[in-house]
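Step one of this worksheet: look at the structure below.
The chain is numbered in sequence order, starting from 1. Quick note: numbers below take in every heavy atom, side chains included, and nothing from hydrogens, waters or symmetry partners.
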Amino acid sequence: MPLVVVGSVAIDNIETPTARRDNCLGGSATHFSYAASFFTNVRLVGVVGEDWPAEHTELLAKRGIDVTGLSQVTGGKTFTWTGRYEPNMNDRETLEVELNVFGEFDPVLPEDYRQAKYVFLANGVPSVQMKVLEQVPGRRLAVADTMDLWIQTQRDDLEELMRELDGLVLNDSEAKLMTDTENLVEAGHAVREMGPRFVVIKKGEHGAMFFSEHETYVLPAYPTADVVDPTGAGDSFAGGMMGYLAEQDDFSPTTLKRAMAYGTLAASFNVEGFGLERMQTITRDDIDRRMQEYENMLSF
């Protein structure tokens, strides 16, 4: 089934303890789309400026991602993020953020996108995410990502959005911030009680936790020794998870657990290169082979 994603498309400047790369293709919707495209047809909605390199659009289109919904603003500048990772590769410092055209992003979905049954709202302003949901009234599964900024500054809008969601994806620090608790199990259930049918808490190298009314479990990360650039890992996780759900056209408990596993593996490939470098070198067969290793590791 086609999967619509709405969110940021960006240019990233990334510094790690061993290297620096400028002008990487980035953004939450970008990393999500690429990971999801290994499983299903992806329709991307985003905005870029006049400075956006045409080869970036070509790269996405070559992967089979529908970029009809990617608009370009004449005279505008593309959202740019510059960040530096600490030696542990878990902590990072944002050095500069230029929202540019993304700061005024007001997505209007193409008509055929509005028929989508599967929708992912990549990190963005909650009120804008809500406007997107209103454009896909026939959706079967709507999942969103969020961040600490919206939790702190737009809590009311975020809580209104959560009541309309099937699922919410956020990281461990965001879950703690939203619920004012250090206990992730308590936090996961508390977030779910705010509206979503299920909640996924990302824990980076420590895997991810799943919460629904009847199930709570933890999946470990795939043991990846060669961590080059963690940027977009969480978005790739969400892309793998949602891509698999859309491919199966099912979100039963068993399928959800396997979808989380595929999300974990998509993220494990993503961190092995800057930007989308590593993702461009793999196939679905590579992901499935790693799944076999992961299943053997977990014995399920």
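The CG atom of D250 lies 11.5 Å from the CD atom of E247; values are rounded to the nearest 0.5 Å. One finds the CZ atom of F274 at 8.0 Å from the OG1 atom of T231 (value rounded to the nearest 0.5 Å). Interatomic distance, CZ of F120 versus CD of Q129, reported as 8.5 Å (0.5 Å rounding). Distance check: L170 CG to L168 CG gives 5.0 Å after rounding to the nearest 0.5 Å. With rounding to the nearest 0.5 Å, the separation of CG in D286 from CG in L265 is 11.5 Å. With values rounded to the nearest 0.5 angstrom, L25 atom CG is found 8.0 Å from Q280 atom CD.
A salt bridge between R289 and E293 is absent, with no side-chain N of the basic residue lying under 4.0 Å from a carboxylate O of the acidic one. Using a 4.0 Å cut-off between charged side-chain N and carboxylate O, D166 and R197 make a salt bridge. Salt bridge annotation for K117-D249: absent, with no cationic side-chain nitrogen under 4.0 angstrom from a carboxylate oxygen.
Side chains of T255 and Q248: a donor-acceptor N/O pair is absent below 3.5 angstrom, by distance only.
Proximity of a side-chain donor or acceptor of S8 to a complementary backbone N or O of S28 within less than 3.5 Å is detected. The main-chain N or O of G275 is found under 3.5 Å from a side-chain atom of D229 such that the two form a donor-acceptor pair. Side chain of N270 to main chain of M279: no donor-acceptor pair is present (N/O by atom type, distance under 3.5 Å, no hydrogens or angles). Without hydrogens or angle criteria, T78 side chain to G49 main chain gives a donor-acceptor distance under 3.5 Å. Of the possible polar contacts, one joining the E174 side chain to the N171 backbone as a donor-acceptor pair under 3.5 Å is found. With hydrogens and angles ignored, the 3.5 Å screen pairs no side-chain donor or acceptor of Q135 with any backbone N or O of P110. The main-chain N or O of R278 is never found under 3.5 Å from a side-chain atom of E272 such that the two would form a donor-acceptor pair. N88 contributes a side-chain N or O that, together with a main-chain N or O of D91, makes up a donor-acceptor pair within less than 3.5 Å. A donor-acceptor pair under 3.5 Å is formed between the side chain of T224 and the backbone N or O of Y222.
The minimum heavy-atom distance linking A144 with L165 is given by the pair CB-CD1, 3.7 Å. Nearest heavy-atom pair across G76 and V101 is CA-CG1, 3.8 Å. Of all non-hydrogen atoms in M297 and A221, the two that sit nearest each other are CE-O, 4.2 Å. Here the closest non-hydrogen pair linking P230 and V271 is CA-CG1, 3.9 Å. The minimum heavy-atom distance linking A266 with S236 is given by the pair CB-O, 3.6 Å. The shortest heavy-atom contact between N23 and H56 is O-NE2, 3.9 Å.
Within the cation-pi definition used here (under 6.0 Å to the ring centroid, within 45° of the axis), K202 does not qualify as a partner of F237.
Taking 4.5 Å as the limit, some side-chain heavy atom of L177 sits within range of a side-chain heavy atom of Q152. Residues L121 and L161 have side chains in contact (heavy-atom distance under 4.5 Å, counting atoms from C-beta outward). Between T80 and F102 there is no side-chain heavy-atom pair separated by less than 4.5 Å. Put simply, the side chain of P53 reaches to within 4.5 Å of the side chain of I11, judged on heavy atoms. Side-chain contact between L256 and E215: absent, with no pair of heavy atoms (C-beta onward) separated by less than 4.5 Å. Here the side chains of L158 and M178 are in contact, with some heavy-atom distance below 4.5 Å. M291 has its side chain within reach of R258: a pair of non-hydrogen atoms, C-beta onward, lies under 4.5 Å apart. The shortest side-chain heavy-atom distance between S127 and E160 does not fall under the 4.5 Å cut-off.
In this structure E15 satisfies the salt bridge (Lys or Arg N to Asp or Glu O under 4.0 Å) test together with R20, sequence neighbours excluded. With sequence neighbours excluded, the residues satisfying side chain to side chain contact (heavy atoms under 4.5 Å, CB included) with R139 are V119, L133, V136, A142, E164. Residues forming a salt bridge (Lys or Arg N to Asp or Glu O under 4.0 Å) with E93 (at least two apart in sequence, or on another chain): R84.
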**Message:** Please evaluate residues V9 and F105 with respect to the criterion side-chain contact (heavy atoms from CB on, under 4.5 Å), reporting the C-alpha separation (whole Å), side-chain torsions for both, the decisive distance (0.1 Å), and the verdict.
**Reply:** CA-CA 11 Å; V9 178; F105 184 41; over 6 Å; no
**Asked** Under the side-chain contact (heavy atoms from CB on, under 4.5 Å) criterion, do M242 and L141 qualify, and how do the steps go?
**Response** CA-CA 9 Å; M242 287 293 292; L141 184 71; 4.1 Å; yes
**Request:** Given salt bridge (charged side-chain N to carboxylate O under 4.0 Å, His left out), test E58 with K62 step by step and report yes or no.
**Result:** CA-CA 6 Å; E58 293 169 4; K62 185 177 180 181; over 6 Å; no
**Request:** Please assess V191 against M162 for the test side-chain contact (heavy atoms from CB on, under 4.5 Å), listing each intermediate value before the final yes or no.
**Result:** CA-CA 9 Å; V191 174; M162 289 168 62; 3.8 Å; yes
**Message:** Run the side-chain contact (heavy atoms from CB on, under 4.5 Å) test on L184 and K203 for me, step by step, so that the C-alpha distance in whole Å, both residues' side-chain angles and the decisive distance to 0.1 Å come before the verdict.
**Reply:** CA-CA 10 Å; L184 280 179; K203 301 197 298 172; 3.7 Å; yes
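When the side chains of ILVMFWY residues are joined at heavy-atom separations under 4.5 Å, either directly or via intervening members, I201 and L219 end up in two distinct hydrophobic clusters. There is no path of hydrophobic side-chain contacts, each under 4.5 Å, that joins V73 to V48. In the hydrophobic cluster analysis, where Ile, Leu, Val, Met, Phe, Trp and Tyr join through side-chain heavy atoms closer than 4.5 angstrom, F210 is grouped apart from V185. No single ILVMFWY cluster, assembled from side-chain heavy atoms under 4.5 Å apart, contains both V5 and Y113. V4 and V143 are assigned to two separate hydrophobic clusters, defined by single-linkage of ILVMFWY side chains at heavy-atom distances under 4.5 Å.
Counting non-hydrogen atoms of other residues, nucleotides and ligands closer than 6.0 Å to NZ of K131 gives a total of 12 or fewer. Annotation for E55: atom CD counts as buried by contact number, over 12 foreign heavy atoms lying within 6.0 Å. Residue K176 qualifies as enclosed at atom NZ: its count of foreign heavy atoms under 6.0 Å is above 12.
Note: H189 and F211 have perpendicular aromatic rings, judged against thresholds of 30 and 60 degrees for the angle between ring planes.
By the 4.5 Å side-chain criterion applied to Ile, Leu, Val, Met, Phe, Trp and Tyr, L95 is assigned to no cluster and stands alone. Summarising the hydrophobic clusters (Ile, Leu, Val, Met, Phe, Trp, Tyr; side-chain heavy atoms under 4.5 Å, direct or chained), the residues clustered with L149 are V125, V128, M147, W150.
Looking at Y294, F269, Y244 one by one, the single match for ring-ring contact (aromatic ring centres under 6.0 Å, His included) with Y262 turns out to be Y244.
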I'd like a table of donor-acceptor pairs (distance under 3.5 Å, sequence neighbours excluded) in which one partner is a side-chain atom from residues 33-44, with atom names and distances.
unit_1 : atom_1 : unit_2 : atom_2 : d
S33    : OG     : A29    : O      : 2.7
S37    : OG     : Y34    : O      : 2.6
S37    : OG     : R63    : NE     : 2.8
T40    : OG1    : M1     : O      : 2.5
R43    : NH1    : D112   : O      : 3.2

